[in-house]
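Taking it in order: structure first as structure tokens, then the write-up.
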Amino acid sequence: MDFRSTSVKDFIENYGGKELMQEYTPNLLKFPLKLFYKKTCGDIFDLCLKKKHVTPEQANALQAAFEAKFQ
């Protein structure tokens with residue numbers, strides 16, 4: 001399973017993404033996540049890194065945790 005090509009909707013609703021976000025990137029939970037459901041996780045994390053909502057370490061930790069959980 002590729003994290004970057006997974007839709008935000010699938011990540012949140014089907015793969016336990018909200019729990020992973022609570023652990024690794026809790027500051028992203030303040031945003032209305034349903035607005036991003038049609039985007040991919042890769043697009044959103046690139047945007048969040050650019051806007052400095054998350055650090056690269058947080059983004060990499062979340063991606064690694066997701067890929068470790070679903071491989």
Side-chain angles (χ1 to χ4, degrees):
M1 173 123 349
D2 182 35
F3 173 78
R4 297 195 62 81
S5 64
T6 302
S7 73
V8 173
K9 182 178 181 178
D10 285 340
F11 176 72
I12 300 292
E13 293 182 358
N14 299 331
Y15 299 122
K18 200 164 204 170
E19 292 80 20
L20 289 173
M21 288 175 69
Q22 286 175 339
E23 185 175 344
Y24 295 102
T25 57
N27 50 333
L28 291 182
L29 293 174
K30 67 182 177 183
F31 296 103
L33 299 175
K34 287 193 177 195
L35 294 175
F36 306 111
Y37 270 19
K38 292 184 180 180
K39 302 277 186 182
T40 64
C41 290
D43 292 340
I44 295 303
F45 265 77
D46 290 342
L47 178 65
C48 290
L49 285 169
K50 182 179 173 184
K51 299 280 186 180
K52 299 185 180 185
H53 294 301
V54 295
T55 65
E57 294 81 21
Q58 288 175 316
N60 291 335
L62 179 65
Q63 182 175 350
F66 176 81
E67 289 175 351
K69 186 175 180 180
F70 291 104
Q71 281 191 351

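In what follows, every heavy atom counts, from backbone to side chain, and hydrogens, waters and symmetry copies are set aside.
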Filter on salt bridge (Lys or Arg N to Asp or Glu O under 4.0 Å), then keep only pairs touching residues 61-71, sequence neighbours left out; what's left?
none
For the atom pair CD1 (I12) and SG (C41), what is the distance rounded to the nearest 0.5 Å?
7.5 Å
Enumerate the salt bridge (Lys or Arg N to Asp or Glu O under 4.0 Å) contacts for residues 38-56, please, sequence neighbours excluded, ordered by first and then second residue.
R4-D46
Which residues share a ring-ring contact (aromatic ring centres under 6.0 Å, His included) with F11, sequence neighbours left out:
F3, F66
Would you kindly confirm whether L47 and F31 end up in one hydrophobic cluster when ILVMFWY residues are joined by side chain heavy atoms under 4.5 Å apart?
no
Taken in chain and number order and not counting sequence neighbours, the residues that satisfy side chain to side chain contact (heavy atoms under 4.5 Å, CB included) with T55 are E57, Q58
Taking all non-hydrogen atoms of both residues into account, name the closest pair between L33 and L29 and its distance.
CD1-CD2, 4.0 Å
For residues 13-26, run the donor-acceptor check on the side chains, cut-off 3.5 Å, and write out each pair with its distance to 0.1 Å, sequence neighbours left out.
unit_1 : atom_1 : unit_2 : atom_2 : d
E13    : OE2    : Y37    : OH     : 3.4
N14    : ND2    : D10    : OD1    : 3.1

Checking N60, L28, V8 against F45 for side-chain contact (heavy atoms from CB on, under 4.5 Å), the one that qualifies is L28
Heavy-atom pair with the smallest gap, counting every atom of A59 and V54:
CB-CG2, 4.3 Å
